[in-house]
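Worksheet: one structure, shown below.
Throughout, protein chains are lettered first and strands after them, A, B, ... in sequence-line order, and every chain is numbered starting at 1.
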Amino acid sequence: MLPTAEEKLQLFRTMLRIRRVQERIESEYMQDEMKTPVHLYIGQEAIAAGVCACLRDDDAVNSNHRSHGHYLAKGGDLNAMMAELFCKATGCSGGYGGSMHLVDVAHGNMGTSAIVGGGIPIGTGQGLAFKMRGLDNVSVVFFGDGAADEGTFYESLNFALLKQLPVVYVMENNGWAVCSPTATRHSGDNVFHAGAGDRLFTAKIDGNEPEQVFAAMAKAVARARAGEGPSFIECVTYRILGHAGCLQQDPKGYRDPAEVEAWRARCPVCAYQRTLLAQGLLSEAGLAELEAELAAEIDTAFAFARQSPLPAADALLKNLFCE
Amino acid sequence: MLPTAEEKLQLFRTMLRIRRVQERIESEYMQDEMKTPVHLYIGQEAIAAGVCACLRDDDAVNSNHRSHGHYLAKGGDLNAMMAELFCKATGCSGGYGGSMHLVDVAHGNMGTSAIVGGGIPIGTGQGLAFKMRGLDNVSVVFFGDGAADEGTFYESLNFALLKQLPVVYVMENNGWAVCSPTATRHSGDNVFHAGAGDRLFTAKIDGNEPEQVFAAMAKAVARARAGEGPSFIECVTYRILGHAGCLQQDPKGYRDPAEVEAWRARCPVCAYQRTLLAQGLLSEAGLAELEAELAAEIDTAFAFARQSPLPAADALLKNLFCE
Amino acid sequence: MPWSRIKPDTNEPDFQIEGLPDNRDGRRVSYAEAINEALSQALGLDPRVFVMGQGVDDPSGMFGATRDLHLKYGAERVFDTPLAETALSGVAVGAALGGMRPVYFHNRPDFLLLAMDQLVNHAAKWHYMFGGAACVPLVFWACIGRGWGSAAQHSQALQGLFNHVPGLKLIMPATCYDTKGLMLAAIADNNPVLIIEHRMNFKQRGLVPEAPYTLPIGKGVIRRKGRDVTVVAVSHLVVEAYAAAQELSEEGIEAEVIDPRTLRPLDEALILESVARTGRLVVTDTGWKTGGVTAEIAAMVAEKGFSSLRAPIVRVANPDLPTPSGYTLERAYYIGKDDIKQGILKAVRGA
Amino acid sequence: MPWSRIKPDTNEPDFQIEGLPDNRDGRRVSYAEAINEALSQALGLDPRVFVMGQGVDDPSGMFGATRDLHLKYGAERVFDTPLAETALSGVAVGAALGGMRPVYFHNRPDFLLLAMDQLVNHAAKWHYMFGGAACVPLVFWACIGRGWGSAAQHSQALQGLFNHVPGLKLIMPATCYDTKGLMLAAIADNNPVLIIEHRMNFKQRGLVPEAPYTLPIGKGVIRRKGRDVTVVAVSHLVVEAYAAAQELSEEGIEAEVIDPRTLRPLDEALILESVARTGRLVVTDTGWKTGGVTAEIAAMVAEKGFSSLRAPIVRVANPDLPTPSGYTLERAYYIGKDDIKQGILKAVRGA
Ligand SMILES: Cc1ncc(C[n+]2csc(CCOP(=O)(O)OP(=O)(O)O)c2C)c(N)n1
Ligand SMILES: Cc1ncc(C[n+]2csc(CCOP(=O)(O)OP(=O)(O)O)c2C)c(N)n1
Ligand SMILES: [Mg+2]
Ligand SMILES: [Mg+2]
C-alpha cells in the first residue's frame with residue numbers, strides 16, 4: 001500500500017521532527033542539564049514514522065531504551081518528553097523515568113523497558129488484552145537486533161502465533177548492540193524470517209525508506225485488525241551516532257568510519273526530503289516553514305523543560321503502589 | 001549410515017534393557033519404597049539407544065527429568081540408579097538427587113535438570129568446553145517438546161551456531177508436556193526445522209525407529225567431531241505411560257485412549273524385536289537368553305538398592321560446596 | 001506421588017480465624033476448593049479476570065485449585081500456556097497494562113526464577129518508573145512442592161527472594177478462609193501480587209463462607225494468645241507452631257502465635273505489640289534461614305522493638321542447603337512442630 | 001554519562017587493609033586496573049580460565065575491567081556474547097562442568113534477573129544435588145550502576161537476593177587490593193561465586209601489589225578501630241562509613257568500621273566479636289532495606305550477640321523503592337556518609 005500525498009508529507013514531517021529534536025538534545029547534552037542516559041534515534045527515523053503512521057491513538061506501542069522516535073511518532077507530547085529528560089516534575093513520567101522510560105498512555109505509548117527484550121512479551125500481552133476484550137486495536141513492539149538475541153522474542157512470537165494475537169513485531173536492525181556487531185551475536189538471518197512461512201507475515205525491508213516501512217506496516221496492521229494474527233517486520237537501518245550520550249562520548253575504534261560514512265550518506269531524512277522535493281510534494285519554501293515551525297516548537301519544549309519545577313520533596317515516596 | 005549387525009543387536013539390547021527396567025519400576029512403584037517422582041521412558045527407548053550408540057564414554061550427555069533411558073544407554077550403572085531411586089547412600093547421586101537427578105560422570109552422564117529447558121544451555125556450554133579444550137568430543141542434550149517452548153532453546157541454538165559448537169540437540173517430541181498437547185503450546189512445526197537451512201544440520205525423524213535415530217545421529221556426531229557445528233534432531237515419539245509415577249496414577253481424560261492404543265501398537269521395542277527376528281539377527285533362543293540375563297540383572301539391582309544403607313546422619317550437611 | 005501418605009487430610013485446628021468469630025458450625029471445604037471458589041467467583045464477577053498457566057486446564061488442575069474452571073468460563077479465559085515462564089510473565093504484565101486482570105499460575109516457586117526479570121524489573125517497577133501513569137494489576141501464584149523426594153529444583157520456598165522486592169505484594173495464606181479471601185483481595189488489588197502457597201496446606205479442610213469476600217492485604221492475625229513468647233509463623237508452619245504452642249502449654253509455657261498472612265506489606269504493629277507483651281520472639285519460616293523471611297522479621301524487631309526484648313531472638317527456618325531428595329535426608333532437612341518447640345524453649349529458657 | 005562529575009577519582013582513604021601493613025608507599029592503581037590485572041593474571045596462569053560477557057571486548061571494556069584482554073589472550077578466550085543472559089549463564093555452567101573456569105561479566109546486576117534460573121536452580125545446586133559428583137567452578141560479575149539517572153532498571157543493588165541462596169558465594173569488594181585478591185580467589189574456587197561491584201568503587205585508586213595473590217573468601221576486615229559502636233558497611237559504603245566515623249571522632253564517638261568483604265559466607269565471628277566490645281550495631285548496605293543484607297546481619301546479631309547489645313540495631317539502607325531517575329529524587333534516594341552518621345548517632349545516643 002502506498003501512502004497518499006498527504007501521508008507522505010506527514011511521514012516526512014514526523015521524521016524531520018524526530019531528527020531535529022534528537023539533534024538538539026545531542027548538541028546540548030554536554031551541558032549536563034539532562035542527567036539521564038540518552039539513546040539517540042538519528043538514522044532510524046523512517047521506521048518510527050512509517051510504523052506509527054499506520055496506527056490509531058488507541059493502538060499500543062511498547063518500546064525500548066531508544067524510544068524518543070517511537071514516542072514522538074505515536075503522538076507523545078514533546079514538552080513532557082523534554083521535561084522528563086530534564087528530570088522535572090512535568091515530565092511524562094514525572095521525573096521518575098528519564099530518557100529510557102517515556103510514557104504517554106493517552107496516545108498509546110504504554111511504556112518502555114530498558115531491559116533489552118523486556119518489552120517484547122509486554123507488547124504481546126497488550127495484544128492479548130485487545131483480543132480478549134474483543135477490540136480491533138493493534139499492539140506494536142519496537143525492539144533492536146540486540147533484543148532479538150533474547151529468548152523472550154522466541155517465546156513471545158510463539159505465543160502470539162498460537163493465539164493469533166494482533167501484534168506487530170518491528171525489529172530495528174541497526175547492525176549494533178552497543179559495540180557488538182550483529183555478526184558476533186546472530187548466527188545468521190533471523191530464524192523466524194524463513195521459519196514460520198505461511199503462519200506469520202514477515203517482511204525484511206529497508207528501514208531507511210519510510211514508504212517501504214509504511215507499506216509493510218499497513219499490511220501487518222490490516223491483518224492484525226482482521227484477526228489474522230501477528231507479523232514480524234525486520235527493518236534494516238543504522239545507528240548513526242553512538243550507542244548512548246552524544247557523539248563525542250562514543251568510544252572510538254569499534255566500528256569502521258567508512259561504514260558510518262556510508263550510512264550517513266544514506267540518511268533517511270535527507271533522502272526522503274530529496275524525494276519529496278523532486279516529486280514536487282514539498283517546496284523549498286514549505287520546507288523552510290516546516291523547519292522554522294519545528295525549531296520554534298523545540299525551543300518552546302526546551303524552555304518548558306528548563307522552567308518546569310523539580311519534583312516535590314515528598315515525590316520520592318509516592319507512586320510505589322497504585323491505589 | 002546403517003548400523004552393522006552387531007550394532008543392531010546392541011541397539012535392541014539397550015532398548016529392551018531400558019524397557020524392562022522401566023517396567024519393573026512401574027510395577028513396584030505403588031509399594032512406595034521409591035519415594036521419588038519417576039518419569040518413565042516407556043515408548044521412547046529407540047531414541048536413547050540410537051543416540052548413545054553413536055557416542056563414546058567421554059562424550060557428554062545432559063538430560064532432563066525423564067532421564068532413565070539416557071542414563072542407561074550412555075553406560076550408567078544400573079545398581080547405582082536403582083539405589084538412587086530407593087534414596088540410598090549408594091545411589092549415583094548419593095541419595096541427594098532422586099529419579100530426576102541421575103549422574104555418572106565417568107560415563108559422561110553429566111547430570112540432569114528437572115527445570116524444563118534448563119539442561120539445554122548447560123549441554124551447550126559443555127560443547128563449548130570441548131571446543132575450547134581442543135577435543136573432538138560431542139555434547140548431547142536430550143529434551144522434550146515442552147522444553148522446546150522455552151527461550152533457552154532459541155538462545156542456546158543461536159550460540160551453538162555462532163560458535164560452531166559440537167552439540168547435538170535431540171528433541172524427543174512425545175506429543176505431550178504433562179497433560180498439555182503440543183498443539184496448545186507450539187504454534188506449528190518447530191521454527192528451527194525450516195529456519196536455519198544450510199547452517200544447521202536438522203532432521204525430523206521417526207523416533208520409534210532406532211536405525212533412523214542411529215543414522216541421523218551418526219551424521220550429526222561426525223559433523224560435530226569434524227568441527228562442523230551443531231545439529232538438531234527432532235524425534236517423533238510417544239510417552240505411553242503417564243507423565244509421572246505409575247500408570248494408575250495418571251489422571252484420566254486428558255488424552256484419547258485411541259491415541260494411546262495406536263502408539264502402543266507402534267511400540268518401538270516390539271517392532272524392532274520383530275524386525276531383528278525376521279532378519280534372522282535375533283533368534284527366539286537368543287531373545288530368551290537376553291530376557292533372562294536382563295531379569296537377573298534387574299533383580300540384582302533391586303536387591304542391591306534395597307540392601308544398601310541409607311545416607312549417614314551427617315550427610316545432609318555435606319556437599320554444599322566442592323572443596 | 002501419594003501425598004496423602006506424607007500428611008493425611010485434616011481439619012484445620014480450632015485456632016482463631018479473624019472475621020469468622022462464630023465459625024464452629026460453618027461450611028467446611030478443602031484448601032483447593034477454597035481457592036477454586038475464589039477464582040470462580042472472580043471470573044464470574046469481573047470480565048477482566050482471566051487465569052493462565054501451564055496446566056491450569058489439566059484434570060488435576062493445579063492440585064485442584066483451578067480444576068474445571070475452563071469448562072465453566074471457557075478456554076479463552078482459563079488457558080494453558082507454553083512452557084515459557086519468562087515471556088509469559090511479560091505477557092501477563094502486558095495484559096494487565098491493557099486493562100485485564102491476569103492470574104498466572106505456576107505450580108512451583110522454583111519456576112518463578114525464570115520469571116524474575118518480568119516480576120522484579122517490570123511488574124514491580126512499572127507504576128513507579130512511569131510516575132504513576134500505568135498500573136499492573138496481576139496475580140502470580142505458586143505452591144511450594146515439599147515432599148516425596150521433590151528435591152532441589154522442585155521444593156524451594158523462595159519467599160525470601162520476593163520479600164526483598166519493593167513494588168510486589170507478597171501473600172502466604174495458612175487457612176482455607178484466608179486463601180479464599182486473600183485471593184479475591186489480590187485480584188481486586190491494582191498492583192502485582194504474589195501468592196505463595198504450601199503443598200501441606202492443601203491437606204487442610206477449613207471453614208469458608210460461600211459468598212465472595214476479601215481480606216485486607218497487610219493485616220496479620222493472632223492465632224493463639226500467649227504471654228510468654230511471640231511466635232511468628234509463616235504459611236503451613238502456622239499449624240505447626242500452633243501445635244507446638246498447645247503442647248508447651250502443658251509445660252506452663254504460653255506462646256502467642258502470629259500468622260502475618262502477608263509478608264509484604266508486613267503487619268509490623270501486630271508483631272511489635274505482641275513482643276511488647278511477651279518480651280521474646282521466635283520466627284519460623286519454610287524458606288532458608290540466611291537472608292530470608294526470618295531475617296527481616298527478626299531485624300525489624302531488633303530495630304523497632306529492641307527495648308521489649310528480654311532474650312535473643314530465635315529463628316527456626318530451613319537449613320541453608322538445597323533440598324535433598326532421599327526421605328531420610330528430607331526428614332532431617334525439614335522443620336516442623338518439634339523444631340519450633342525447641343525454638344520456643346530456647347527463647348523462654350535460654351536452651 | 002559523565003561519571004566523573006558524580007564522584008571524582010580519589011585515592012582510597014588510609015584505612016586498614018589487611019595483609020598490606022606497610023602499604024603507604026606501594027603501587028597505586030585504579031579499581032578497574034586492579035580487576036583487569038587479576039583477570040589477566042588468571043588468564044595467563046590457567047588455560048581453563050576464560051572471560052565472557054556482553055561487551056567484554058568493547059573499547060570501554062566493562063568500565064575498564066576487561067579492557068584489551070581479548071587482544072592479549074585472543075578472541076577465543078575473551079569473547080562477547082549475544083544478549084541472552086538466561087542461556088549464556090547455563091553455557092557458563094556447562095563449560096564449568098566441562099572442565100573450564102568461566103568468568104561471566106554482566107555490566108549490571110539488573111540483568112542477572114534473567115540469569116536467576118541458571119544461577120539459583122542450577123549452578124548453586126549442582127554439586128549438592130548430585131551428591132558431590134560434579135563441580136561448577138565459575139565466577140559471575142556485575143557492577144551496580146548507580147547515578148546519572150540510571151533509573152529503576154539500571155541501578156539495582158541486588159545482593160539481598162543472592163545473599164539468600166545456599167550454594168553461591170557472594171563477594172562485594174570495597175578496595176582495589178581486595179577486588180584483585182578476591183577475583184583471583186573466586187576464580188580459584190571450585191564453586192559458583194558472584195562478585196558484585198559498585199560503580200562508585202571505580203572512582204578509587206588504591207595500593208595493589210603487582211604479583212598475583214588471593215584473599216580468603218569469608219574473611220572480613222576491620223577498617224577502623226572504635227569502642228563505641230560497630231558499623232558493618234558493604235561495598236562502596238565502607239568508604240562512606242569510614243568518613244562518617246572519622247567525622248564523628250571529633251564529636252567523641254569512636255565507631256569501629258567492619259568491611260565483611262564477602263557476604264556469603266559471612267565473617268560472623270568478626271562482627272560478633274566487635275559488637276561484644278561496642279554493644280551497638282549499625283548495618284549499612286547499598287541495597288533495599290526490607291529483606292536485604294542489613295536484615296540478615298541484624299538478625300544474626302540479634303540471635304547470636306543479643307547479650308552484648310545495649311541499644312536497638314540500626315539499619316541504614318536504600319529505601320524500599322525502585323530507583324527514580326531524576327537527580328533530585330536520586331539525591332533523596334541514595335544513602336551515604338550523612339545517613340550513616342545519623343545511624344551511628346541513633347545507635348549511640350538513641351536519636
Ligand atoms: C537484558 C539486558 N542486557 C544488557 C543490557 C545493556 N544494553 C543496553 S542497550 C544494549 C544494546 C541493545 O541493542 P539493540 O537491541 O540492537 O538496540 P539498539 O541499542 O541497537 O537500538 C545493551 C546490551 C540491557 N539493557 N538489558
Ligand atoms: C521451567 C519448568 N516449568 C514447568 C515445569 C513442570 N514440568 C515438569 S515436566 C513438564 C513437561 C515437560 O514436557 P517435555 O519437555 O515435553 O518432556 P516430557 O515430560 O514430555 O518427556 C513440566 C511442565 C518444570 N519442571 N520446569
Ligand atoms: Mg541494535
Ligand atoms: Mg513431551
Side-chain angles (χ1 to χ4, degrees), chain A residues 29-30 32 34-38 65 84-89 91 93-101 112-118 144-152 177-181 184-187 243-245 249-254 310-320, chain D residues 1-6 53-62 64 67-68 70-71 75 79-88 90 107-108 110-114 117 145 147-156 288 318-334:
Chain A
Y29 194 62
M30 284 306 273
D32 286 347
M34 293 173 264
K35 297 187 205 306
T36 176
V38 292
H65 56 286
E84 190 61 36
L85 269 65
F86 278 80
C87 310
K88 297 300 178 72
S93 304
Y96 292 73
S99 159
M100 296 196 292
H101 303 297
T112 61
S113 171
I115 299 298
V116 171
D145 50 294
D149 301 356
E150 297 278 1
T152 50
V178 197
C179 302
S180 306
T184 68
R185 298 177 292 101
H186 287 195
S187 59
H243 170 67
Q249 291 172 320
D250 196 36
K252 302 293 162 278
Y254 71 91
L310 286 158
D314 66 343
L316 179 71
L317 302 176
K318 289 192 177 151
N319 288 320
L320 180 60
Chain D
M1 287 146 274
W3 289 94
S4 53
R5 306 202 194 173
I6 299 175
Q54 216 281 323
V56 292
D57 58 356
D58 278 6
S60 56
M62 289 285 156
R67 190 174 291 141
D68 291 344
H70 64 295
L71 302 178
F79 60 83
D80 195 16
T81 64
L83 279 156
E85 290 84 353
T86 310
L88 269 293
N107 48 14
R108 295 170 196 261
D110 312 66
F111 312 150
L112 287 176
L113 290 167
L114 285 160
D117 173 59
W148 207 254
S150 292
Q153 297 178 325
H154 275 65
S155 59
Q156 290 168 91
W288 294 305
N318 272 353
D320 287 319
L321 298 166
T323 317
S325 73
Y327 56 95
T328 49
L329 296 172
E330 257 189 356
R331 237 180 260 148
Y333 181 80
Y334 281 115

Please classify the contact between D/L114 and chain A as side chain, backbone, both or neither, with a heavy-atom cut-off of under 4.5 Å. side chain

Side chain D/S325, main chain A/G95, donor-acceptor under 3.5 Å: yes

Specify which of A/T184, A/L310, A/N319 makes the most heavy-atom pairs with chain D at under 4.5 Å. A/L310

Proximity breakdown for A/S99 and chain D, heavy-atom pairs closer than 4.5 Å: neither

Looking only at A/G98, A/G118, A/P311, most heavy-atom pairs under 4.5 Å shared with chain D are made by A/P311

Quick one: what part of D/A151 sits under 4.5 Å from any heavy atom of chain A, side chain, backbone, both or neither? side chain

Spacing of D/D320 atom CG and A/L320 atom CG [to the nearest 0.5 Å]: 8.5 Å

Pairwise side-chain contact, A/D149 with D/Q54, heavy-atom cut-off 4.5 Å (strictly under): no

Calculate, to the nearest 0.5 Å, the distance between atoms CD and NZ belonging to D/E330 and A/K35 respectively. 10.0 Å

Can you tell me which of A/P251, A/S180, A/S93, A/G253 forms the most heavy-atom pairs within a distance under 4.5 Å of chain D? A/S180

Working to the nearest 0.5 Å, report the span between NE2 of A/H186 and CG of D/L83. 8.5 Å

Could you tell me if the side chain of D/Y333 sits less than 4.5 Å from the side chain of A/L316, heavy atoms only? yes

Check each atom of D/D57 against the heavy atoms of chain A and say whether the ones under 4.5 Å are side chain, backbone, both or neither. neither

